[in-house]
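Here is the naming used below: chain letters follow the sequence lines, and residue numbers restart at 1 for every chain.
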Amino acid sequence: MLCRALIQEDPFNVQVETQRIRDVSNKMGGIVTFLGVVRDFNEREDVQSLYLEHYPGMTESQIENIAYAAGKRWNVLGITVIHRIGLLSPSDEIVFVGVGSKHRGDAFLACEYVIDYLKTEAAFWKKEGTINGGRWLSTRETDFEAANRWKQD
Amino acid sequence: MLCRALIQEDPFNVQVETQRIRDVSNKMGGIVTFLGVVRDFNEREDVQSLYLEHYPGMTESQIENIAYAAGKRWNVLGITVIHRIGLLSPSDEIVFVGVGSKHRGDAFLACEYVIDYLKTEAAFWKKEGTINGGRWLSTRETDFEAANRWKQD
Amino acid sequence: MIRVLLFSSLREELNSSSVEVPALGISRISCLVEKLERLYGKSWGRVLKGENTLVAVNQTVVHDNHHIGDGDEVAFFPPVTGG
Amino acid sequence: MIRVLLFSSLREELNSSSVEVPALGISRISCLVEKLERLYGKSWGRVLKGENTLVAVNQTVVHDNHHIGDGDEVAFFPPVTGG
């Protein structure tokens with residue numbers, strides 16, 4: 001299983017990233033991707049910007065750990081995670097999770113697993129900029145519930 | 001819910017298609033995509049090409065029906081399905097399913113639902129070209145099982 | 001007239017992608033198949049009555065010996081294998 | 001020395017992203033927090049002992065009053081909100 005974890009300010013290209021996963025193996029049958037988008041209504045209205053901070057070094061290894069845990073649990077051939085940091089605007093892409101596998105069922109499960117754990121375990125922090133100033137977000141209860149589902153086995 | 005169903009010989013661009021889904025609504029929070037790839041070992045080895053045929057008119061409306069059924073069942077904002085026809089080679093992308101929604105859980109479920117039903121219900125037929133000649137494929141048992149899961153509610 | 005379409009392996013086996021037959025006396029799919037057999041030979045009956053052959057009338061798959069008539073489009077094909 | 005890192009709202013509240021303190025006499029996180037409080041003021045104790053504050057030692061989140069020592073990197077931050 002090939003894992004690629006990137007944290008960057010620049011945008012990413014979903015076409016390039018999915019083809020890169022496709023080319024990992026000639027056994028590739030399907031690629032499932034999740035693309036997170038900055039919404040303009042996170043916890044309150046009038047979000048004008050989103051600032052993202054991470055813990056250099058730790059965040060990357062947390063993402064790799066999550067990806068390898070997914071690779072142990074399901075039959076996957078390649079996982080790419082790209083998370084943007086810095087200043088973003090509504091409708092910007094913020095996170096890409098791509099999982100390629102021989103059979104699509106594994107790719108769907110592994111992709112959702114990775115994004116669910118990434119949301120609750122990886123060291124990123126979001127600050128919304130609104131017309132009334134900035135505010136650090138708190139973790140959503142629904143994200144904890146999403147991650148906890150994977151423990152019920 | 002905005003639905004787009006295309007059947008074409010040309011390749012598609014996943015970056016362009018995901019951005020198109022993203023731009024459907026400013027409430028978009030996440031986009032889940034499935035990308036099917038032509039493998040070189042479908043039911044036997046040495047696959048050199050894959051030829052795809054469809055039933056013009058019927059196939060498009062079947063895809064739209066599947067997409068609208070997904071849109072009734074989950075809270076989704078946009079669904080795009082692109083299926084290629086004609087002559088393809090191993091590692092070519094053959095099908096794209098993209099689902100955008102406010103919350104990612106809906107997008108994951110709807111995307112998997114659409115590809116599962118597309119595999120068992122939509123009028124496409126695949127013929128493998130191998131070094132020993134051509135052979136029409138038969139439906140995989142695992143695809144029927146995948147589609148049947150959605151009936152157990 | 002009834003428009004008959006054939007797809008995939010059925011098209012290849014019968015070496016035909018579409019034919020038109022007069023609707024006169026044809027009220028059900030079984031009548032249509034008998035007519036096609038008389039017009040084009042026994043192989044048509046064998047293939048169109050095959051265990052795995054599916055039938056769509058006016059682009060909707062039908063599961064029984066459906067009523068058909070003048071102006072209808074009737075398609076025969078094997079199980080689908082897309083995606 | 002022990003390297004202390006602060007992230008997100010904690011960094012902003014304490015107006016500092018990293019400090020280094022001598023490791024002498026510091027064997028646990030609680031000792032480190034007391035030392036930081038003495039060096040930089042009560043607000044450090046309040047923020048670092050906050051109910052929602054998480055601690056990582058050498059880039060691994062620890063859940064109790066972990067042992068630490070010379071050369072360790074100790075980070076304090078709020079619950080994560082990525083993705």
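Residue contact with chain B, scored on non-hydrogen atoms closer than 4.5 Å, involves the backbone and the side chain of A:T33 alike. Contacts of A:D116 with chain B are made by both backbone and side-chain atoms, with heavy-atom separations under 4.5 Å.
Counting heavy atoms from C-beta outward, A:E93 and B:R22 have side chains that approach closer than 4.5 Å. Using a 4.5 Å heavy-atom cutoff, the side chains of A:E112 and B:R104 are not in contact. Considering only heavy atoms from C-beta on, B:K102 comes within 4.5 Å of A:R39 through its side chain.
Remark: A:N13 CG to B:N13 CG distance equals 6.5 Å, nearest 0.5 Å. Atom OG of residue B:S91 and atom NZ of residue A:K27 lie 14.5 Å apart, to the nearest 0.5 angstrom.
Interface check for chain B: of the options A:I21, A:D23, A:D143, the most heavy-atom pairs under 4.5 Å are formed by A:D143.
For A:F34 against B:G30, the heavy-atom pair with the smallest separation is CE1-CA, 3.8 Å.
One N or O on the side chain of B:Q15 and one on the backbone of A:V14 form a donor-acceptor pair closer than 3.5 Å.
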